[in-house]
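Just below is one structure, and these are the notes that go with it.
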Protein chains: 2
Amino acid sequence: MSSLSLLPAAEVSPKRAAILEAATRLFLAGGYATVSMDAVAREAGVSKATLYAHFTGKEALFAAIVGGRCAEIAERAEEMAAHAASAEGALRGMGRAWMTFLLKPETMAIHRIVIAECARFPELACAFYEAGPGAGRTWLTHRLEKEQRLGHLRADADPGVAAGHLMGLLRGELYIRTVLGAPAPDDDAVAGAVDQAVEVFLRAYGAPAA
Amino acid sequence: MSSLSLLPAAEVSPKRAAILEAATRLFLAGGYATVSMDAVAREAGVSKATLYAHFTGKEALFAAIVGGRCAEIAERAEEMAAHAASAEGALRGMGRAWMTFLLKPETMAIHRIVIAECARFPELACAFYEAGPGAGRTWLTHRLEKEQRLGHLRADADPGVAAGHLMGLLRGELYIRTVLGAPAPDDDAVAGAVDQAVEVFLRAYGAPAA
DNA sequence: GTCTATATACAGATAGAC
DNA sequence: GTCTATCTGTATATAGAC
């Protein structure tokens, strides 16, 4: 019985939730500096005093937002991993899922923010790397090791290096263009680019005997 | 004779040069928002009024700085291209030159700034892409076409796609880690990563007959 | 062109009532 | 916890003398 009262730990306060939601929207849209605490309070429908009662300051609020997104990204990565591991044509499927996620406006927005503020919040940039690209690379390394044991990949390849290469091939031109503000490519363009990248990867890393 | 007076067009004003130098340093170190016009004036050793006499405002000053760096990057790209075209082991040499330039703290700083401000200054982000990654890819595409005509690359490869793939392989893990604040890797690490990337590229794109 | 001094606005953060 | 009202610093930008 007493454990029941511990369950809704996430829904501590509706005001706090409103603050987090509004601040997330504003930070992702405008970056760190352009967002004022006044704007967050107004957008969340609370007073500034309430805002400061929940978060000790602007930096703490920002850290909470970005840290939360990192956790979300980590969950998302596990979810994608679960799907990709069970699918055939695993590399293509995984590549499409990853690139679609990566190029989404919200993902791009958090990339830009973390990159922009990595001098002011180095620990956030580190946490973001670990939760995002780092976790993806670690998972992909293990996945490629498995493929290697199955004889689908060259035996002399370093799976960690190969994982970095596959991610680089997948990002390719699309990532750099999109992070610099170009409109996100449509699904067909993404799928085509992923197929090309996977084809090139397998030409370089596929087992010669296969 | 009259043409002589037109020559020193670049050295119009020492104060202006001091402003540009100070502003470049400050913007590259701190981004757009954290730099105040007071700080620029103080650091340049001029008054704010003088600052505003040379630049209509903070946005114009920022645009002048970043636009200037774009022009510099474009020049630098041509310079690197001239060297790489004449060298043997062209891909390795070019890759090392490009990655060394890309991972330099100053290059990373301008990457972060342009990415951070691509919502506020979309035309700057576009100019940066054209001067940097876009120009590099265009040049590399032509270079790969030439290699293809010489029979060094697969005949069925699209040189533009291949150029994007080579750049993606080169960037690989190093770029994303460094742009997220990790310390720049040393020359040996860069050289090793470039060699691996080029090796993989040639396994996928090298002419089968060769 | 260059300076000193200032106008004007808004930022982050808090005091005190309820 | 939540509000209204406010303190304090600093930002961009300008006025007017030289």
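Every value quoted in this text rests on a predicted model; they were computed, and no experiment measured them. Numbered from 1 within each chain, the chains take letters A, B, ... in sequence-line order.
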Within 45° of the six-membered ring axis of A/F27 and under 6.0 Å from that ring's centre, is NZ or CZ of A/K58 located there?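 Checked: cation-pi criterion not met.
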Out of [options], which has the shortest distance to the side chain of [X]?
X     : options               : value
A/H54 : C/dT2, D/dT12, D/dT2  : D/dT2
A/Y52 : C/dG12, D/dC3, C/dC3  : C/dG12
A/M37 : C/dG12, C/dT14, C/dT4 : C/dG12
A/K48 : C/dG12, D/dT14, D/dT4 : C/dG12
A/S13 : C/dG12, D/dT2, D/dC3  : D/dT2

Hey, which of these two, A/A49 or A/Y32, hits DNA chain C nearer its 5' end, going by closest nucleotide?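 Mapping each residue to its closest nucleotide by heavy atoms, the 5'-most match is A/Y32.
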How many angstroms lie between CG in B/D195 and CG in B/L91, if you round to the nearest 0.5 Å?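 B/D195 CG to B/L91 CG: 11.0 Å, rounded to 0.5 Å.
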Round to a whole Å and report the spacing from [atom1] of [X] to [atom2] of [N].
X     : N      : atom1 : atom2 : result
B/L51 : D/dT14 : CG    : P     : 12 Å
B/F62 : D/dT12 : CZ    : P     : 13 Å
A/K58 : D/dG9  : NZ    : C1'   : 15 Å
B/E59 : D/dA11 : CD    : C1'   : 14 Å
B/F55 : D/dT12 : CZ    : P     : 15 Å
A/R42 : D/dT4  : CZ    : C1'   : 16 Å
B/D38 : D/dT12 : CG    : P     : 6 Å

Reckon B/V35 touches a base, only the sugar-phosphate, or nothing at all at heavy-atom distances under 4.0 Å?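 The answer is sugar-phosphate, as B/V35 gets under 4.0 Å only of primed atoms, P, OP1 or OP2.
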Answer with base, sugar-phosphate or nothing: what part of the nucleic acid does B/S36 contact at a heavy-atom distance below 4.0 Å?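 B/S36: backbone/sugar contact only, no base atoms under 4.0 Å.
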Answer yes or no: does a side-chain N or O of B/T50 lie under 4.0 Å from OP1 or OP2 of C/dG1?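 No, outside the criterion.
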Salt bridge flag under 4.0 Å for residues A/E72 and A/R76: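 Answer for the salt bridge query: no.
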Using the side-chain contact (heavy atoms from CB on, under 4.5 Å) rule, take B/M37 and B/L51 through it: C-alpha gap first, then chi angles, then the decisive distance, then the call. CA-CA 8 Å; B/M37 295 295 264; B/L51 180 50; 4.0 Å; yes
Around A/E79, counting heavy atoms of other residues, nucleotides and ligands shown, do more than 12 lie under 6.0 Å from its CD?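 Atom CD in A/E79 is packed in, count exceeds 12.
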